[in-house]
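This report refers to the structure that appears directly beneath it.
Remember, it's a predicted structure, so these values are computed and weren't measured experimentally.
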Protein chains: 4
Amino acid sequence: MTLSKGRPYLAIPGPSVMPEEVLRAMHRSAPNIYEGELIDMTHGLVPDLKHVAGTRHNAAIYIGNGHAAWEAALSNVIAPGDRVLVPATGRFGFGWGEMAEGLGAEVEVLDFGRQHAMDMTKVAESLAADKDHRIKAVLGVHVDTSTSVRNDIAALRATMDEVGHPALLMADCIASLGCDRFEMDNWGVDVMVSASQKGLMVPPGLGFVFFNDKAAAVRSDMPRVSRYWDWTDRANPEFYYQLFCGTAPTHHLYGLRTALDMILDEGLENIWARHATLARAIWAAVEAWGQAGPIALNIQDTALRSHAVTSLRIGAPHGTALRRWTQHEAGLTLGIGLGMSTEQDPGGDGFFRFGHMGHVNAQMILGMLSTVQAGMTALDIPFGDGGLDAATAVIAKG
Amino acid sequence: MTLSKGRPYLAIPGPSVMPEEVLRAMHRSAPNIYEGELIDMTHGLVPDLKHVAGTRHNAAIYIGNGHAAWEAALSNVIAPGDRVLVPATGRFGFGWGEMAEGLGAEVEVLDFGRQHAMDMTKVAESLAADKDHRIKAVLGVHVDTSTSVRNDIAALRATMDEVGHPALLMADCIASLGCDRFEMDNWGVDVMVSASQKGLMVPPGLGFVFFNDKAAAVRSDMPRVSRYWDWTDRANPEFYYQLFCGTAPTHHLYGLRTALDMILDEGLENIWARHATLARAIWAAVEAWGQAGPIALNIQDTALRSHAVTSLRIGAPHGTALRRWTQHEAGLTLGIGLGMSTEQDPGGDGFFRFGHMGHVNAQMILGMLSTVQAGMTALDIPFGDGGLDAATAVIAKG
Amino acid sequence: MTLSKGRPYLAIPGPSVMPEEVLRAMHRSAPNIYEGELIDMTHGLVPDLKHVAGTRHNAAIYIGNGHAAWEAALSNVIAPGDRVLVPATGRFGFGWGEMAEGLGAEVEVLDFGRQHAMDMTKVAESLAADKDHRIKAVLGVHVDTSTSVRNDIAALRATMDEVGHPALLMADCIASLGCDRFEMDNWGVDVMVSASQKGLMVPPGLGFVFFNDKAAAVRSDMPRVSRYWDWTDRANPEFYYQLFCGTAPTHHLYGLRTALDMILDEGLENIWARHATLARAIWAAVEAWGQAGPIALNIQDTALRSHAVTSLRIGAPHGTALRRWTQHEAGLTLGIGLGMSTEQDPGGDGFFRFGHMGHVNAQMILGMLSTVQAGMTALDIPFGDGGLDAATAVIAKG
Amino acid sequence: MTLSKGRPYLAIPGPSVMPEEVLRAMHRSAPNIYEGELIDMTHGLVPDLKHVAGTRHNAAIYIGNGHAAWEAALSNVIAPGDRVLVPATGRFGFGWGEMAEGLGAEVEVLDFGRQHAMDMTKVAESLAADKDHRIKAVLGVHVDTSTSVRNDIAALRATMDEVGHPALLMADCIASLGCDRFEMDNWGVDVMVSASQKGLMVPPGLGFVFFNDKAAAVRSDMPRVSRYWDWTDRANPEFYYQLFCGTAPTHHLYGLRTALDMILDEGLENIWARHATLARAIWAAVEAWGQAGPIALNIQDTALRSHAVTSLRIGAPHGTALRRWTQHEAGLTLGIGLGMSTEQDPGGDGFFRFGHMGHVNAQMILGMLSTVQAGMTALDIPFGDGGLDAATAVIAKG
């Protein structure tokens, strides 16, 4: 007998739980791609996407995942031989840097480890050392889903300004957009990339690149940009066909429309507040459990923790054992530890992650936490008292 | 800001949470109703339904809800002027009796209140008093969703046998089939009614009537049975069209097929065990909370509690306030108290119910319980310590 | 190799082709049944249903098929021993009469054969002969889907009035509502029954009964009406729960809402005109084919032909052979002949039917007709020239 | 009044009509991306895709449209400064060449106009003139959806072999795969690109690149390939995550699985035969109409006509007028003329296209043709007799 037979709950750091409204909107016959509903609807998406991104500038939509958005953004401003600086705070910082390398860039990585945010002093040093301004862009991951650190992107801009470095500031908000506060224009971000399958609550398949005029000017000076990645016509199309460099991702667009309607209906400030409160409930539970057991949050400083994903340490083999238990005995799928393997724990079995992005409410998060406690109980992993009471208290307070 | 924006959880005593597999199976164009897939599939449903019901005898499927199944069953064996005995343990016992009255029956109700199971001594007395055997049927509700009492149907049969009364034993398993153990043939039930929207995990719209040869013989002696309710052709159709007395409920049949596949795949014993364990988790939480607060299970004796629905008392206006809080602040919809109003509490605001029938797993139930604790905290309703720990401990033990 | 692999087209006289909008609306988790969207939405259905029925009076919705609606309507006004008159023009006239018999009524059938509408002179004779007004209701099928005859219901009312007979006029609009013009109040209909799966474009599962004050008065005088069929509380519910005598057909209601929106958006007059033109295209093709072949429309007089279903004669075994060919070689499912068997053709293999009700447009009907011509060609069934040109000419004219 | 209200039919050259089975399979919650069903299912896709492509070699799946697949394929074998030869027979030949230009290639285009297939003599001349073998790849579009010409890819390989030119043969089968016979290995194709939304019957969002060992060797010699486009890890992944260079297109994969099941079930030879017969029905109708009217097939030679898309000439403004009429009056959406504008007809209003790819059967094609005839009638566009009879005769013969 298993207690898992019921509605599954996928609490991984993306793809996130999709609203049934979104899935329903995607269930339709192929639409007319020449005129009518699809065309009108698509044009309406762009202003709403820009609102969510906090920008008055440009948006390009790509059929692709987050890696596609990474490469798309880079392709428009980084030519072979160009230099980029990557202050890395987890697996995805490295990953974006590798995409830049794949395009022929020279990549300077500042490795801040697996438990820390960017150290702006070190970033400033690197920028200051680049006296001839060879660094063309700084690639900053807002929330790195492997470590669940949340970097201060506004501070990164301030650092660049203080040093007087003209590089573009490019931000990866794949795991944060629609979850953690992000204000592209106000924070001085030149290029931002995101994707559909996390805070935006749409199945994987769409990547987004937002860019301002400074970035557009850099693009204009590029010797060549591949046709598919070129954001120029996508952001300012003369014909519908140019919006997606060919056939439109028809079904995803209907899903995105519905998701954006839900986001606008709730309001960004409310969404950010909801994610913040739910995150605090998670932290409260884990901190209580950790008083008398191995479980611990990966990031110590609450100000540096993502509100959308939480990395945890629990010691091998507990992480993997716990994930298996919650899935097979309770119907809850947790995220694997990513980029966390060590010599002692080559499989990363001492880590796991909570995804809590997008379409998540209090009863889901409390179900997730209670199930984890049940799992620790079942597996004889010790834990401190009061975790669930602490979490419910946070929720009760709202 | 509300913490309710996410996947809603409807934890009411039916309609229950439908598996997405079931909903997906129902999303299809109208099928060929003359031959092929639909026809073959429909005929395969009956043996599987009978397996779930624990009978080797007959099954009739009706387009209708539980009330329709009530009337259908009665119409085949109760003629105007016939007498029925209703040992009532909640709102639905009375309700079934009213349906019999509507058909012209004389209805004798034994009212066992709102917190107790049938008292078999009283039932025996009534039957014994019916010396000329005017009582043609005893209507026993297995689980009354208003009180969440679970009656001992096998004991009801034993009581009838002891008294030597020849009446039909008719059981209402609308809220128990596919949740609580029920064995129609082994328990000596002559007629059983159920519906699609609870343990069978299909949207409301199908009612089921199972009957054995004794009941069929009573039907044969009826002066007249209305064409639509007549179970004869439905259970033993010569033509497909007779199965449903007209057009088939095509889309629901696909849903039912999928639900039965899921049930057979898990296995009835496993399903019953899952419901039992989840119910014990609920009881454990509530009993702990009740040590220092007003919340209490409606049924004291664990042996008499349903594994599919739980009625709770918490004092007006807490019940309604709590339901509103969990829905509007956490995304959890609880069941209203039903048939529980009193002079002091005319609106029944001191009661609420948990539905935990069908497609429910551990993470859902724990989410429900934690959310209730959050709600009691938010609303300053006192409660005893350790409720959630007690529930997780039950789940951990499996 | 078969040419049938593609989107199937079910052109039978119901269930009809469902709009994907309707199916999409039905694909959803179980809703809150106590308050909110479902409740508000349900109450909005009734005025729109009444608009479609052409009545200012009462509507009751039943979970059930057309046969259920038949029995429901009868149960409210016909008691055992009451007499009804059935001017039958096909299988469904007899069927409704049988339902009345099942309720204990004395049924007088006027059989107008399989190719003719009601002869009002004969109806008048029967009514006039009923000097003591024992006939309590006249059951008139508007469109009998077996013969595809369309009876003149307003003329039936006029006939009753001329004779001065006080019986209720009950109309079956299952196959005509939302297809052929019908005006309940203007035409003097007292009770009308319909169902969801034809012109209303929703999967089978809902029956409708409309009734005026005269019928309500008859109901009031009934000695007893079964609880489930009683329309009183359904039409004027104090509580939501009474609307459906128990659990609501939640998912069908969402489908119905969407279908009604589509109907209101197009407009009843436009819908009637669309069905009329499409029907004329069918007639034009068949009449041309019939000039040099066995195919023929079952009803000669154009004024008596349904705009929603067409019965055809083609001689055994051509009917069945043609249906098989269109299904297996072209992806088109046609309706079987119903109630048309004769001594020479016991299987009714010389007949078939077109369904063209609800969600049908010109390209569908033309595809159906062209496929039938292809089938006749393949099967060496002779046919006259110009059928498709005639049909396209009707469509071209609009 | 419009006759268009019914099930819409989108008969454009992609996106094609999607089977409801495919859409249903895509309607699901986000799956576990670490283990279980999704992972197993994805690995099973590759052999089936290769079967459809007619290759024993390698397949890479991209999230993207056809243009993405173009760029992906080119990126793996064409470096800046490399030379490609494009024998263009329509808009898409030019388009693929432009993608190569965007990657820095020197592109030599042989323009064969808008009504002709590749002239292999001219191709041979170009290749022979390239004495130092600077041409690294020949880009051949199998079926150009703008002109509907179908090129002889095997003959293109033979031409290359006769000249003894070592360039890669790259084929675009976006509009032909799963419709027209294509045998990658047997025909000597080194790289083939396709996409999901035409013969493969899945919504737009997936591109496919197939490549053999010769192409893989060219890839190995490339100085650099962008990470996202690199096919190496995609085709031979060590980890699931590499299959899609990041997050998998979860929902499309379920759709693709279902589509491939349908394709395997019908069988490629049967599918090709079905498309061929349906195409001949179209040609028969148009040729008859063209005897006394302006409508004409764009490609004269039947051997050079696509079986999946048909370009037509009808003279401005008839093309656009006809498309509007069929959409607004009959529910049929036809494809616009693409790349066909001339000085006299700058808007390309004298052209239109039929899409007949993938999930198409006889009744659909006949509906399309009859509707076009109705449109020509309505718009007073003259046409010859017997078009529909000719088409039905082709269908009847099978």
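With hydrogens and angles disregarded, a donor-acceptor distance shorter than 3.5 Å links the side chain of Asn65(A) to the backbone of Phe244(D).
Heavy atoms of Ala72(D) lying under 4.5 Å from chain A are absent altogether. For a residue to count as touching a neighbouring chain, one of its non-hydrogen atoms must lie under 4.5 Å from one of that chain's; by this rule Ser16(A) touches chain D with the backbone only. With a threshold of 4.5 angstrom between heavy atoms, Ile336(A) approaches chain D through its backbone and through its side chain. In this structure, the portion of Phe92(D) lying under 4.5 Å from any heavy atom of chain A is its side chain and not its backbone.
The most heavy-atom pairs under 4.5 Å with chain D, out of Arg323(A), Arg28(A), Glu20(A), Met26(A), come from Arg28(A). The most heavy-atom pairs under 4.5 Å with chain D, out of Ile33(A), Leu103(A), Asp230(A), come from Leu103(A). Between chain A and the residues Pro223(D), Ala195(D), Gly335(D), the largest count of heavy-atom pairs under 4.5 Å involves Gly335(D). Contacts with chain D were tallied for His251(A), Glu98(A), Met99(A), Arg224(A); Arg224(A) has the most, counting heavy-atom pairs under 4.5 Å. Ranked by heavy-atom pairs under 4.5 Å with chain A, the list Pro203(D), Pro249(D), Pro31(D) is led by Pro203(D).
Residues Pro204(A) and Ile63(D) have side chains not in contact (no heavy-atom distance under 4.5 Å, counting atoms from C-beta outward). Residues Ile12(D) and Tyr34(A) are in side-chain contact: their nearest non-hydrogen atoms beyond the backbone lie under 4.5 Å apart. For the pair Gln327(A)/Asn32(D), a side-chain contact is recorded, criterion being any heavy-atom separation below 4.5 Å from C-beta on. The side-chain heavy atoms of His67(A) and Arg227(D), taken from C-beta on, include no pair separated by under 4.5 Å. Looking at Met18(D) and Ser29(A), their side chains never come closer than 4.5 Å, going by heavy atoms from C-beta outward. Under the 4.5 Å side-chain criterion, counting only non-hydrogen atoms from C-beta, Tyr228(A) is in contact with Trp229(D).
Between Thr250(A) and Pro15(D), the shortest heavy-atom distance links the atoms CG2-CG, 4.5 Å.
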